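Below is one structure, written out as structure tokens; the observations come after it.
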Amino acid sequence: MRTFFYTNHAVSTRAISTLTLLILLVALAVVQVLPVSASSSSPHPHVNPGLVFVDYRNLEGGKDGVLLMDLDPESDSFGKILQNREIGAGVLPHHLYFNHEQNRLYTTALGGENLYEIKLDNGEDGLPKIGWIKGIDTGGNLVGEDVYFTKDGSRYYVTFMGGQGGDEGGSVGVFDAKTNQLIETIVAPVPSELPADEPFILWPHGISANEELGLLMVTSTLHHELNKGVGNTVTLIDMETNQLLKTYLVSESWEEFSSPVEVIMLRDDLPPYALVNTMIGGDIWIAAYNEGTGIFDEFTKVVEGDDMSLGWALEFYIHESNQGELELYVSFATPGVINVYSLENLPELTLDRQLPAGAGAHHMTFFETESGREVVVAQNNLLNLDGLNSGLLTVVDVYTGEVLATLDMPSEYGLMPESVESAFGHGHDYHH
């Protein structure tokens, strides 16, 4: 039995527990979105830019779905549900993604073989309107997690942690962005002995790309049935051929299970580094692109979570402030904070400040309040697990760290927020 499985292997004491880790990891999901110029104001000047889509799990036995909510703490309608569209019971919608080229909104879901498109219309009042929600045929691929939309609007990639079943499953689906038809499923089994030169895909979760380099990268996280193993690698893929190029270790050794969650490949005006965060230890690893080899060098640890009493690093967001600075936002579920790093000294990450968020700090979105304050909304929950499930939506000033407002959706509505996204496109420059 290979070292990816817990059987007969001791897990690092930095993990809370094997079962907790496995359950937590399956809750994660994030898609790659396009590097657009993020604006803190709405494209409809008369409409509140604090309008946010929230996908949710119904805690009272009803249907899961997607809603539109006002999260501007300076608005009279703060915390009010403006629209709500149910999808179904047990869907477990997890992460919302905009495809700007096609003006479409999608949500992945943890409830098996599910991926959904959410039709959006523009009302006369300038508000986006949630229309129909349709399931997309995934060709038998299970447990969709993250998505990346290509710049030319032709296709999108989805990681499926369950693959098409099996203990060593995992796949990446390639879809036509105009028709939502599955074009190809990328699979590659784990070699019989590790380490090996042959690349593989195992329980993929995070995804990111640098299209200028023609490279895509996915993480290996855990088996979707929660008790059959944890990964410690990321895999590089050629976007032109969809062929695997290399699998990288993101851990101290093949016997140590770091559980890489998200990967973000820097691009555009940033130097082409790849960053990966891990659940176990709450660490951040980095690798430099090598022009000579045409791939990335090996990963090295650049942030040690234990040094700052941090654990369960979950999300990467890059946001450009009104001061014109690109900063990296990283959520840590324990103790429930967001670290903001400067990207000026790469490959080192310089911590600029730490923002409060809440237990289970996870997804984020950014906007500007009515008075012009720049804020981040943190969604704080991991599968409603004890200690990592405050269930709050927390609105925080990105400069001062002042908590401007909190919304307890489980108490007020019986709904658990799973992710948040600006109603007017992604509220950040790029994500993962």
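Since the model is a prediction, treat every value here as computed from it, not as a measurement. Numbers for residues simply follow the sequence, beginning at 1.
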So does [Y] get a backbone contact from the side chain of [X], meaning a donor-acceptor N/O pair under 3.5 Å?
X    : Y    : value
N277 : V330 : no
E74  : S371 : yes
N380 : L392 : yes
Y248 : F296 : yes
D55  : H95  : yes
T185 : G173 : no
D137 : G139 : yes
T219 : T221 : no
D297 : Y289 : no
S331 : H362 : yes

Is the shortest side-chain N to carboxylate O distance from [X] to [Y] below 4.0 Å?
X    : Y    : value
E184 : R155 : no
E212 : K151 : yes
R104 : E117 : yes
D397 : R373 : yes
K301 : D283 : yes

Using the six-membered ring wherever Trp is involved, compare the ring planes of H319 and Y329 and label them parallel, tilted or perpendicular (cut-offs 30° and 60°).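 Perpendicular, since the angle between the ring planes exceeds 60°.
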Spacing of [atom1] belonging to [X] relative to [atom2] belonging to [Y], to within rounding of 0.5 Å:
X    : Y    : atom1 : atom2 : value
S422 : L96  : OG    : CG    : 11.0 Å
L310 : F332 : CG    : CZ    : 5.0 Å
W132 : K119 : CH2   : NZ    : 6.0 Å
I136 : L115 : CD1   : CG    : 4.0 Å
E348 : S342 : CD    : OG    : 11.5 Å
L68  : Q83  : CG    : CD    : 5.0 Å

Please check if the number of heavy atoms outside [X] that lie under 6.0 Å from its [atom1] is greater than 12.
X    : atom1 : result
D307 : CG    : yes
K63  : NZ    : no
E402 : CD    : yes

Please find out if less than 6.0 Å separates the ring center of Y156 from that of Y106. yes
Proximity of F175 and Y157 rings by center, below 6.0 Å: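 No; Y157 has its ring centre 6.0 Å or more from that of F175.
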Run the side chain to side chain donor-acceptor pair (under 3.5 Å) test on D70 and S75 for me, step by step, so that the C-alpha distance in whole Å, both residues' side-chain angles and the decisive distance to 0.1 Å come before the verdict. CA-CA 8 Å; D70 183 356; S75 170; 2.5 Å; yes
Give me the atom names and distance for the closest heavy-atom approach of [X] to [Y].
X    : Y    : value
P410 : P417 : CD-CD, 4.3 Å
V187 : G170 : CG1-O, 4.0 Å
L92  : D64  : N-OD2, 3.0 Å

Check the pair N232 / S258 against side chain to side chain donor-acceptor pair (under 3.5 Å), numbers first and verdict last. CA-CA 5 Å; N232 55 9; S258 58; 5.8 Å; no
Distance-only donor-acceptor check, side chains [X] and [Y], under 3.5 Å:
X    : Y    : result
Q354 : N339 : yes
Y56  : N58  : no
E374 : Y399 : yes

Going through the distances and angles, do V172 and F160 end up as a side-chain contact (heavy atoms from CB on, under 4.5 Å)? CA-CA 6 Å; V172 178; F160 291 95; over 6 Å; no
Kindly indicate, with the supporting measurements, whether the criterion side chain to side chain donor-acceptor pair (under 3.5 Å) is fulfilled by N114 and Y116. CA-CA 7 Å; N114 294 303; Y116 297 92; 3.0 Å; yes
